[in-house]
Amino acid sequence: MSDARTTVVVITHNRRDELLRTLDKLTGLPERPPVIVTDNASTDGTAEAVARLYPEVTLLTPGRNLGAVGRNLAARQVRTPYIAFCDDDSWWEPGSLARAADLLERHERLVGVTARILVEPGGREDPIVAELRDSPVEGPDWLPGPALGSFLAAATVLRTDAFLAAGGFSERLWLGGEEELLATDFATHGWWLAYVDELTAHHAPSPVRDATLRRVHGLRNTLWFCWLRRPAPAALRRTFFLARTVPRDRASLRAFGQAIAGLPWVLRERRVVPPAVEARLRSLTQAQRRSTARRYIG
């Protein structure tokens with residue numbers, strides 16, 4: 001059942017054992033997808049292990065930690081119409097990549113599909129799956145599942161040409177909620193994203209992670225996104241809401257400090273979305289206030 005339509009792109013940093021498990025899963029998929037790994041300057045022997053154990057995998061070593069932009073670097077090497085993103089502690093279920101490609105071929109304005117996420121070990125659904133199923137975004141009837149206002153990079157297949165045309169992930173955002181800006185730019189250009197329950201990705205959360213730094217970047221990026229794309233009244237309301245509700249700790253203070261420091265860049269790059277896209281963002285903002293699955297973005 002080989003399928004040459006999709007390339008899997010993985011970014012990694014100092015999680016050799018998790019990455020090797022992921023590559024074992026990916027290289028065993030019946031679709032036999034090309035796999036590209038961007039090693040974000042790991043110091044634990046990751047690159048050497050991948051080169052030795054998985055010579056069929058394309059390995060990129062930029063020499064510094066690019067964060068999410070490591071996906072952009074890999075995407076420039078992709079020669080298939082679709083990209084399946086994957087983290088070093090996640091993998092795709094057999095058959096899901098082929099089904100995703102079928103859906104993207106069938107719907108010409110569909111830019112990407114996000115899969116159901118099962119948390120390992122145990123295979124329980126990630127809490128965010130319920131929110132994806134109940135997405136408040138209103139979309140056209142032809143979508144193969146609920147319309148989404150954003151996506152989860154570790155469980156999404158996108159059109160390669162659309163990803164490259166949009167410029168990929170922002171270098172400024174680095175990592176942490178970086179998908180929201182790209183998803184909004186897709187929407188501005190008339191694309192749709194959908195959640196599809198029949199697709200499955202697995203996630204075995206790595207213990208090697210800095211939860212505080214993730215929260216800092218997630219909150220900072222949420223603030224930057226608001227001022228990059230939303231009308232001033234909406235951006236102000238969101239900023240004040242976050243200031244009232246985030247934990248009163250050093251992480252939140254760092255996030256707001258970084259957001260303020262980046263304000264000159266944000267104002268230079270600011271492009272307010274059309275009213276129809278802003279209507280989607282308002283519905284998402286209301287849902288995020290009730291979210292229990294992604295607290296790090298406020």
Side-chain angles (χ1 to χ4, degrees), residues 1-12 15-39 46-61 70-120 123 129 142-145 151-165 168 191-204:
M1 178 187 146
S2 63
D3 190 313
R5 294 175 292 175
T6 306
T7 298
V8 181
V9 164
V10 186
I11 56 173
T12 189
R15 299 208 294 214
R16 179 185 59 190
D17 292 343
E18 290 92 333
L19 176 65
L20 295 180
R21 176 188 57 198
T22 288
L23 292 180
D24 185 60
K25 301 283 189 181
L26 295 177
T27 56
L29 289 174
E31 293 97 329
R32 308 298 295 173
V35 178
I36 303 176
V37 171
T38 300
D39 178 26
T46 290
E48 294 81 359
V50 172
R52 182 178 71 255
L53 298 173
Y54 297 95
E56 70 274 31
V57 169
T58 300
L59 175 66
L60 306 179
T61 54
R71 300 188 189 112
N72 300 355
L73 186 68
R76 298 187 195 113
Q77 308 294 319
V78 171
R79 299 296 177 264
T80 58
Y82 312 121
I83 303 174
F85 290 116
C86 194
D87 283 348
D88 50 17
D89 59 355
S90 65
W91 59 90
W92 288 87
E93 184 165 293
S96 286
L97 294 181
R99 286 193 288 273
D102 289 343
L103 291 170
L104 290 167
E105 284 189 348
R106 194 175 305 151
H107 304 292
E108 63 179 15
R109 298 311 302 166
L110 182 65
V111 72
V113 286
T114 295
R116 180 177 64 132
I117 302 168
L118 299 182
V119 180
E120 305 298 344
V129 170
W142 55 260
L143 284 175
F151 63 95
L152 301 167
T156 296
V157 181
L158 293 175
R159 294 182 186 274
T160 304
D161 55 357
F163 178 82
L164 294 173
W191 292 107
W192 289 92
L193 291 155
Y195 167 74
V196 179
D197 211 41
E198 292 76 23
L199 310 177
T200 301
H202 298 263
H203 181 210

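Scanning for side chain to side chain contact (heavy atoms under 4.5 Å, CB included) contacts around A74 gives V9, I36, T38, L60, with sequence neighbours left out. Applying the side chain to side chain contact (heavy atoms under 4.5 Å, CB included) rule to D102 yields the partners R5, R106; only residues at least two apart in sequence or on another chain are considered. Under the side chain to side chain contact (heavy atoms under 4.5 Å, CB included) criterion, A162 pairs with V111, R159, F186, W191, not counting sequence neighbours. With sequence neighbours excluded, the residues satisfying salt bridge (charged side-chain N to carboxylate O under 4.0 Å, His left out) with R15 are D88, D89.
Considering OG of S96 and CZ of R116, their distance stands at 8.5 Å, rounded to 0.5 Å. Residue W91 holds its CH2 atom at 12.0 Å from CG of L19, rounded to the nearest 0.5 Å. Atom CD1 of residue I11 and atom CZ of residue F85 lie 9.0 Å apart, to the nearest 0.5 angstrom. Atom OG1 of T22 and atom CD of E18 lie 8.0 Å apart (nearest 0.5 Å).
Remark: the backbone N or O of P81 is paired with a side-chain donor or acceptor of T160 at under 3.5 angstrom. Between the W92 side chain and the K25 main chain, no donor and acceptor come within less than 3.5 Å of each other. Between the side chain of E31 and the backbone N or O of A4 there is no donor-acceptor pair closer than 3.5 Å. Side-chain atoms of T156 come within 3.5 Å of backbone atoms of L152 as a donor-acceptor pair (strictly under, hydrogens ignored).
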Audit row: L158, F151, side-chain contact (heavy atoms from CB on, under 4.5 Å) steps and yes/no: CA-CA 10 Å; L158 293 175; F151 63 95; 4.2 Å; yes
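Sorted by first and then second residue, the salt bridge (Lys or Arg N to Asp or Glu O under 4.0 Å) pairs with a member in residues 192-203 read R133-D197; sequence neighbours excluded. Applying the salt bridge (Lys or Arg N to Asp or Glu O under 4.0 Å) test to every pair with at least one member in residues 72-87, sequence neighbours left out, gives these pairs: R71-D87.
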